[in-house]
Structure formats: structure tokens, C-alpha cells
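Just so you know, residue 1 is the first one in the sequence shown, and it goes up from there. Basis for what follows: all heavy atoms, side chains included, without hydrogens, waters or symmetry-related copies.
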Amino acid sequence: MSSEQCEVVLMETSDLHGFILPGSYATRCGVPYGLARTARIIKEIRRTYPHTLLIDNGDCLQGTPLTYYHAKVNSLLPNPVIACLNELRYDAAVLGNHEFNYGLPYLRNAVEASDFPWLSANTLDASTGQPAFGAPYRIFELENGIRVGVLGLTTSYIPVWEQPQHIDGLHFEDPVSTAQIWIPVMKTVGKADVIVVSYHGGFERDPETGLPTEPLTGENVGYALCEQVEGIDVLLTGHQHRAIENCSINGVCVVQPGNEGRYLGKITLQLERHPEGWRVTRSKSELISTAEYEPDQTIQQLVGEIEELTQTWLDQPFGFVDGDMTIRSHAAARLQEHPLIEFIHRVQLDSSGAELSAAALFDNVSPGFGEVITMREIVSNYIYPNTLKVLRVSGADIRAALEQSAEYFTLNAEGQITVNPAFLSPKPQHFNYDMWEGIEYELDISKPAGQRVTMLQRNGQPLGADTEYDVVMNNYRAAGGGNFAMFQGKPVVKDIPVDMVELIADYISGRGRITAGVNHNWRVIGGVTSN
């Protein structure tokens, strides 16, 4: 290449969720992903290309027993995620929504321990209106004089999900209007040749057709950023855990590298020098799968001590199960009552004193409980750092919530009840199907959506539409998370600020033995069920 041309490579990780080592904490079996594998690709690209930048796009600090152990059990050791990002010489990181899950002191400690800047132009100090975590953007000047500006943005929907004390004093501004303010500044004051927006959020519309793919709540505004903001060359995205490559929207090159280190996002930019500065002439986005790469030994050794302590902690026995509480079919566990969900209800009702309970089976990985319950089983089944809230809601609200949950199902061509594709793409949302305790109900999937609750009672009597009930649910759902708008703004009767993992562990250890069982208070009908 002549001196008037140059190639720059951007590397992106996103939604690592604390997944460093290539092993399952539930089964201890190896898995073909994780940051340790990604590290090999990063080092290989740096050896191949002289001009690179490495950016994490958010949600790296929370998500595995390793990160939970560090945050909740033993924070004296260095933060394992930050240690790895420092070792890999990340150039910048963006705040994700899960960065706030362990509270602001934990997050600020992680930021202070980082050898790189954390960027989020729209996460503001509510008292000053200024970015709360340092500079909104960073200009990186490469050896050949090319100036790459990176603007960090975070989904502004965080207050809908997060516990108020975890974001106290913060304000989340709209990412689109924020980008419209800062990008001209990056060009004029920062003299950026290339504008990169690293946005912890995804796409609200289909990248090809522009048609909405979800309710336009503002949770994801990636498409709007490409359409409504001038001057963006590259948009790094995340949050939705999608694998997006070879994609351009309105001339903006975009990428999204999945989650848990399954891919490294790679953007290759071709630039030419003009009298007014360098200009992007071509761009290409691609994903590099980590499955074929061996784990990096330096990364493995770096977290070896805290990983060993975590594994020992995970094997602590808390109690025993009488009966069968294992999950053999996650689909069946959502169609018919399962002892694990019944047990979650018991914990929620016991901890809250509420009369009704709503709970979900979060994913299709939860193993249930074996005969001996260890912390490994607890954190494998309850994967989020949720707390509980008791809301006062009406019978009409409960019916509306059940109708929304019933949309999780549809009938296939053979008449079998199966999962609605809308709950599988752009990312799986099994956690947005709730099962209830304290009421009796029936969902008929052969009926049209919105008319599927064919029976709804409490103690044999129909629920009054205007009658009020106290319901315990996790803090995500209580805030309306999952587009359960009927819960937003409802009176909070009780707030239980203790992680569910701790509540479950305390419940089991306090009793020694728990019994597997169900009371058959609900059923799903209307199709040929299949396991």
C-alpha cells in the first residue's frame, strides 16, 4: 500500500458476561467459546495488522459464577474480568446495562482498576449533566496520523430494569440525540478522521428491510443511529446477543459478535489521504468464530487462583432433595408444572409474605436440582442477580400478564404447541414466559393471542378485575421488563434487596431437605403437546 492509503482493523467483543474460561460452570465440561479463546484471535490479528483498536462493547462484568463469587463472596482479589482486559491491552470499553447489577461502588472499582477508558456519553451525572464515567469519547491517533474517534453509548432503558439504588444519581439520555451532539465535536475539536460508535444496544428494525422487529420502546436504537445521525463510519453493537456481519445500514458498517466470547467482531477499514485528512473508502465487517482456537494460557493462568476458589465454593453442599427435581425437557417444564419452578415460587412466597408469585424458567440450560444441592446447582438454575419486589396489582393486570406470557406459545403445522419464533429471534427470550402460583388458570393456545386465558381463579373463585392482589416477582419483571407494561408504576408493597441466589441458598440450608412436588394449579392446552 502507498503512503496515501492505509488499512485499520477494529476488534470488538461484547456481552462477554464474565465468560473467560472455556468451561461450563453447570457441568464442568468444555465449551467452544470464552474470552480465553478470543484472546488467541486478538493476538493473531495484532501480529498481522499494524493498525488496530480493541474495544469491549459492554456487559462484561456480570454473568458467571466467577463474577458473582468476586462481587458477592470475595472481592479482595483483583477483578478477574478487568485483569484479563488489561492483559489484552483493550483500548476502550463501553458501559453495558449489566455493569450496574452489582451496584455503583463495584462498578467504580472496576473502572478505576482498568488500564483503558470506559466510555458512555449518554450515562450522565444527574446533578451536573456531564458524563458520569469520564470522557464521552476518545480519539486514538495511530502511528500514521490517522485519528479514530470512538464514541461510547449505552442503552437508555436501564432504569426500567435496574434497582434504583444501583443507578442512584445517574441519568440515561437518548443515544440518538447524544450522538448528534458529540459526533460534530469529535470531528471539529477532536479532528477525528474516522467515527466509530460503540453502542451497547441492538437493532429495533430489520437491518435489511427497516421493518420493526420489536416494540419501539427505546431499548434498542441501532437502526435509528444509522438513519438519523450523520457522520458515523462504523457502528459496533451488542446487547441482543446476535451474530451480525457483512452488514451496512445507510452506509454505516455494523457488526455484532454474539455473546460469551463466541465470536470476535472484526471491521476492516480502507482509508485514503485527502487534503482535508484521511477518509474511509471501503469497510467490511466479519465475525471470527472462537471455536477453532485453543485457549490462551496467559489468560487461563491470570484467573487461575480465583477460578479455583470459585469452583470450591460452587461445590459446597446446601441440602438434599426428596423426589425428582431435575429438568429433562425445558419445553415440557413450561407446558406443565415442574417441581423446580414450584420450588422457586415457595422461596419467593416465603421470603416476601405475598399471596401470589410469578416466576420464569430463564433458559434452556438450567439442569434442575439433583439429590444433593450445591451452590453450583443454585447458580446454574438462577443465573441472574435478581432481587424480589411485591407489587399490588389488579385482577385485570394479572389477566393481561398471563395473556402476554401465553404469546410465548404458538401451534406448528402438526398442531403441536411450540415456542413462538418472536421469543427466539433476534435472541432467545425464554425468561419472558412467566408461570404463576397462588391462582388457578388455563391457557388455550388454539385461541387467538389476547384471548387465551380461558380460566382464571383464586381459591375456586374468579379473579375480580378490580380486586387488588399482592404479587412477588423479580425486580426485572416488576419494573415492566420484557414489555410487561401492566406492572410499570404499580405500588411496591415490599422490596427484598437480597439476591435470589442468597434467598434460595438460605431457604435450602435452613431446612436441610426439600421435597419435590407440584400442585397442578395451571395448565396449557389447545394443541398436541410434545416433549
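Each salt bridge (Lys or Arg N to Asp or Glu O under 4.0 Å) pair with one or both residues in residues 63-79, not counting sequence neighbours, appears once here: Lys72-Asp499. Within the structure, the salt bridge (Lys or Arg N to Asp or Glu O under 4.0 Å) test picks out the following pairs touching residues 255-266 (sequence neighbours left out): Glu260-Arg262, Lys266-Glu286. For residues 182-198, every residue pair satisfying the side chain to side chain donor-acceptor pair (under 3.5 Å) rule, not counting sequence neighbours, is listed here: Asn57-Ser198. Within the structure, the salt bridge (Lys or Arg N to Asp or Glu O under 4.0 Å) test picks out the following pairs touching residues 9-36 (sequence neighbours left out): Arg28-Asp315.
Evaluation of the ring-ring contact (aromatic ring centres under 6.0 Å, His included) rule for Tyr25 yields no partner, not counting sequence neighbours. With sequence neighbours excluded, the residues satisfying side chain to side chain contact (heavy atoms under 4.5 Å, CB included) with Arg279 are His274, Glu276. Not a single ring-ring contact (aromatic ring centres under 6.0 Å, His included) links Phe484 to another residue, sequence neighbours left out. Among residues two or more places apart in sequence or in another chain, the side chain to side chain contact (heavy atoms under 4.5 Å, CB included) test is passed with Leu216 by Glu204, Arg205, Pro212. In this structure, the ring-ring contact (aromatic ring centres under 6.0 Å, His included) partners of Tyr68, at least two apart in sequence or on a different chain, are Trp313.
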Return a table of donor-acceptor pairs under 3.5 angstrom between the side chains of residues 100-108 and protein atoms on other chains or two or more places apart.
unit_1	atom_1	unit_2	atom_2	d
Asn101	OD1	His98	ND1	2.6
Asn101	ND2	Glu162	OE1	2.7
Tyr106	OH	His70	ND1	2.7
Tyr106	OH	Asn79	ND2	3.2

Just list the side-chain donor-acceptor pairs under 3.5 Å for residues 222-237, sequence neighbours left out, or say none.
unit_1	atom_1	unit_2	atom_2	d
Asp233	OD2	Ile195	N	2.9
Thr237	OG1	Val255	O	2.9
Thr237	OG1	Gln256	NE2	2.9

Name the atoms and distances for all side-chain donor-acceptor pairs under 3.5 Å in residues 419-431, with sequence neighbours left out.
unit_1	atom_1	unit_2	atom_2	d
Asn420	OD1	Ala422	N	3.0
Asn420	ND2	Glu407	O	2.9
Lys427	NZ	His239	O	3.2
Gln429	OE1	Asn432	ND2	3.0
His430	ND1	Tyr408	OH	2.8
His430	NE2	Asn364	ND2	3.2

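The backbone N or O of Thr154 lies less than 3.5 Å from a partner atom in the side chain of Asn122, making a donor-acceptor pair. In this structure, Glu307 contributes its side chain and Pro80 its backbone to no donor-acceptor pair below 3.5 Å.
Between Leu16 and the choices Asp59, Thr64, Asp56, the side-chain contact (heavy atoms from CB on, under 4.5 Å) rule is met once, by Asp56.
Separation of the Tyr384 and Phe362 ring centroids falls under the 6.0 Å cut-off.
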Please evaluate residues His51 and Ile146 with respect to the criterion side-chain contact (heavy atoms from CB on, under 4.5 Å), reporting the C-alpha separation (whole Å), side-chain torsions for both, the decisive distance (0.1 Å), and the verdict.
CA-CA 9 Å; His51 308 299; Ile146 294 176; over 6 Å; no

